[in-house]
Protein chains: 2
Amino acid sequence: MPSVLSSRDKILDVGESLFARRGYAGVGMREVAQLSGLGKSSLFHHFRGKGQLYAEVRIRTLKRIRDALAPFLTLETAPLEALEEGMCALIDSFAEHPTSARLLLRGLVEEEIFSGESPPELEEAEQILAELLDDLSELIERGVKAGELRAVAVPDTMQSLIGLVAYHFASGAMGERILGEALFSSSAVRRRKREVVNFIREGLRAPRSDRDEEREDPT
Amino acid sequence: MPSVLSSRDKILDVGESLFARRGYAGVGMREVAQLSGLGKSSLFHHFRGKGQLYAEVRIRTLKRIRDALAPFLTLETAPLEALEEGMCALIDSFAEHPTSARLLLRGLVEEEIFSGESPPELEEAEQILAELLDDLSELIERGVKAGELRAVAVPDTMQSLIGLVAYHFASGAMGERILGEALFSSSAVRRRKREVVNFIREGLRAPRSDRDEEREDPT
DNA sequence: GTCTATAGTGAGATAGAC
DNA sequence: GTCTATCTCACTATAGAC
């Protein structure tokens, strides 16, 4: 590992920052080059084109998110606890890489990005995302079946969790206006974790009686 | 009111649909013109330029959202009930205008849209949004002070509610993949309302004892 | 691996006839 | 109000020297 970033990594960093802030169409290769300290043409030596750069940036981001979440998507922890701790780990990951949430949200919300054909690398990104969502879905379902969670609709709950965590850290200037504080200050991150965990715990946990019922179910 | 849309309204409709799907930078005036059934130059007769068109689209959308939410942001209803009913009304509004949520979310998340100076009309949009957020903030604060809601952090709760409602209906193809169903089908909308209301009620309501405490507080 | 130069396209916007 | 024609500029991408 070189202590100085390779040109390729530098380009990826710059691209990640710009794509997160402005979206695919809002970014020009000229600006990516300038901020990378390279000539415009040098970019095309490292990446086939803007499309591939975007895809590689997305892959890197999604892998980071997957790595943060993976330890909690196993079968070893109780579902509600795994959900709470997983969301905390995700928030920590977002806090460490402030562009991640925006890029994730853009990937979830944005469509019709490529007018012609999309770069083949995007499929890898889609697959990482798909696996992640599948694992999360299974976790929630396990929680419901175990009686730890209320009888929520699993897909809607997925959407709720994404909205709860990803939107907040993607909300930029408007989020900071609402918070009256930097989104990624350590106090704001700590508070967000607390609020999200409380919201999830109170909002999704099965009421006492249900949980007892489930445990005692003799069928 | 003419039964046939004026050119201006037609352009606004087309612009709204395109800006919601692709964002400001992803939309070309040529495409707006074609879908409006006009020549490119005719657009510039109705709007000073792309920036103004975007601003007008945002204003129209935000006014729709404000009108849907306004009845529940008064002081007349109990806060938790107002919150639940307000979110339902917002969901109904999103369901009626499927571009609204996306455009709202884009407005909240997107920055640095204009490279040069931004159109003056955008300030009107920002003000509508600011008033809306202020009113929502006050509602939550009233709920906490009245002891109806837990002692949540008000700004974080705002963010949570936005994420819960706006993200879902902005999530497009990915949301439909998660749901396994069209986002705006009547059954999906009904279910979303139920899930959001339950999540809010269970997740934000103060526990029984607190609510009793507050009511009996003799100080 | 980086550069200069440039091709080629499409963007936003304007002028002026009808 | 709408059109055709045109301007200027920025964009992605390539060619080829170093």
Side-chain angles (χ1 to χ4, degrees), chain A residues 1-58 110 112-122, chain B residues 1-58 110 112-122:
Chain A
M1 300 206 199
S3 66
V4 182
L5 253 49
S6 70
S7 287
R8 194 171 192 280
D9 287 339
K10 181 70 189 165
I11 296 168
L12 281 170
D13 285 348
V14 171
E16 181 170 328
S17 158
L18 288 177
F19 285 135
R21 291 214 300 273
R22 298 218 264 280
Y24 182 75
V27 174
M29 292 296 263
R30 175 173 151 263
E31 193 178 6
V32 175
Q34 277 178 342
L35 291 173
S36 305
L38 291 170
K40 215 181 9 167
S41 315
S42 304
L43 263 54
F44 292 86
H45 174 76
H46 296 281
F47 299 93
R48 271 197 330 281
K50 187 178 164 184
Q52 194 205 347
L53 174 58
Y54 177 76
E56 302 276 10
V57 164
R58 282 221 8 171
E110 228 137 82
E112 303 179 41
I113 289 188
F114 300 97
S115 40
E117 54 198 317
S118 48
E121 286 85 354
L122 260 189
Chain B
M1 300 209 197
S3 66
V4 181
L5 252 52
S6 70
S7 287
R8 194 169 192 280
D9 288 338
K10 180 70 189 164
I11 296 168
L12 281 169
D13 285 349
V14 170
E16 181 171 328
S17 158
L18 288 177
F19 285 134
R21 291 214 300 272
R22 297 217 268 279
Y24 182 74
V27 174
M29 293 296 265
R30 176 172 150 262
E31 193 178 6
V32 175
Q34 276 178 343
L35 291 174
S36 306
L38 290 170
K40 205 175 28 157
S41 316
S42 302
L43 298 187
F44 291 86
H45 174 76
H46 295 281
F47 299 93
R48 270 198 330 281
K50 186 178 164 184
Q52 194 206 347
L53 173 58
Y54 177 76
E56 302 277 10
V57 164
R58 283 218 12 173
E110 228 137 82
E112 303 179 41
I113 289 187
F114 300 96
S115 41
E117 53 196 318
S118 47
E121 287 84 355
L122 259 190

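Each chain gets a letter, A, B and so on, in the order its sequence line appears, and its residues count up from 1. Heavy atoms only: backbone and side chains are in, while hydrogens, waters and symmetry mates are out.
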Report task. Indicate whether OP1 or OP2 belonging to C:dA11 is found under 4.0 Å from a side-chain N or O atom of B:Arg30. Result -> yes

**Report entry** A:Arg22/A:Glu31 salt bridge by N-O under 4.0 Å criterion
**Finding:**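 Yes, A:Glu31 and A:Arg22 are salt-bridged.
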
Query raised in the report: Does A:Glu121 come within less than 4.0 Å of A:Arg48, counting only side-chain N to carboxylate O?
Result: yes

Distance check needed: [N] [atom2] versus [X] [atom1], whole Å only.
X: B:His45; N: C:dA15; atom1: NE2; atom2: C1'; result: 15 Å
X: B:Leu18; N: C:dA11; atom1: CG; atom2: P; result: 12 Å
X: B:Met29; N: C:dG12; atom1: CE; atom2: P; result: 7 Å
X: B:Lys50; N: C:dT14; atom1: NZ; atom2: C1'; result: 18 Å
X: B:Leu53; N: C:dA13; atom1: CG; atom2: C1'; result: 14 Å
X: B:Ile113; N: C:dG12; atom1: CD1; atom2: P; result: 14 Å

Query - Over all atoms of both residues, closest heavy-atom pair of B:Val14 and B:Val32 - result: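 Looks like CG1-O, 3.8 Å.
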
Report task. Could you tell me which residues satisfy side chain to side chain donor-acceptor pair (under 3.5 Å) with B:Glu16, sequence neighbours excluded, listed by chain and number? Result ->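 B:Glu16 satisfies side chain to side chain donor-acceptor pair (under 3.5 Å) with B:Arg60, B:Arg64, B:Thr99 once adjacent residues are dropped.
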
**Report entry** Angle of first-five versus last-five pair axes in the helix from C:dG1-D:dC18 to C:dC18-D:dG1, to 10 degrees
**Finding:** 0°

Is [X] reaching over with its side chain to a backbone N or O of [Y], donor-acceptor style, under 3.5 angstrom?
X: B:Ser118; Y: B:Phe114; value: no
X: B:Lys50; Y: B:Tyr24; value: yes
X: B:Lys10; Y: B:Val4; value: no

**Report entry** Reported CD1-to-CG distance for the pair B:Ile11 and B:Leu18, which is rounded to 0.5 angstrom
**Finding:** 12.0 Å

Query raised in the report: Does the C:dA13 base have a donor-acceptor partner in the side chain of B:Ser41 within less than 3.5 Å?
Result: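 Not at all, since no donor on one side and acceptor on the other fall under 3.5 Å apart.
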
Query raised in the report: Just wondering, do A:Asp13 and A:Val57 contact through their side chains at under 4.5 Å, heavy atoms?
Result: no

Query raised in the report: Closer to the 5' end of DNA chain D via nearest nucleotide, is it A:Gly28 or B:His46?
Result: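 It is B:His46, whose closest nucleotide lies nearer the 5' terminus.
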
Requested in this report: Considering only heavy atoms of chain B and a distance under 4.0 Å, specify the first and last nucleotide of DNA chain D in 5' to 3' order that meet this criterion.
Outcome: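 Using the under 4.0 Å cut-off, the span is D:dG1 to D:dA5.
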
Report task. Could you tell me whether A:Val27 contacts a base, only the sugar-phosphate backbone, or nothing, with contacts defined as non-hydrogen atoms closer than 4.0 Å? Result -> sugar-phosphate

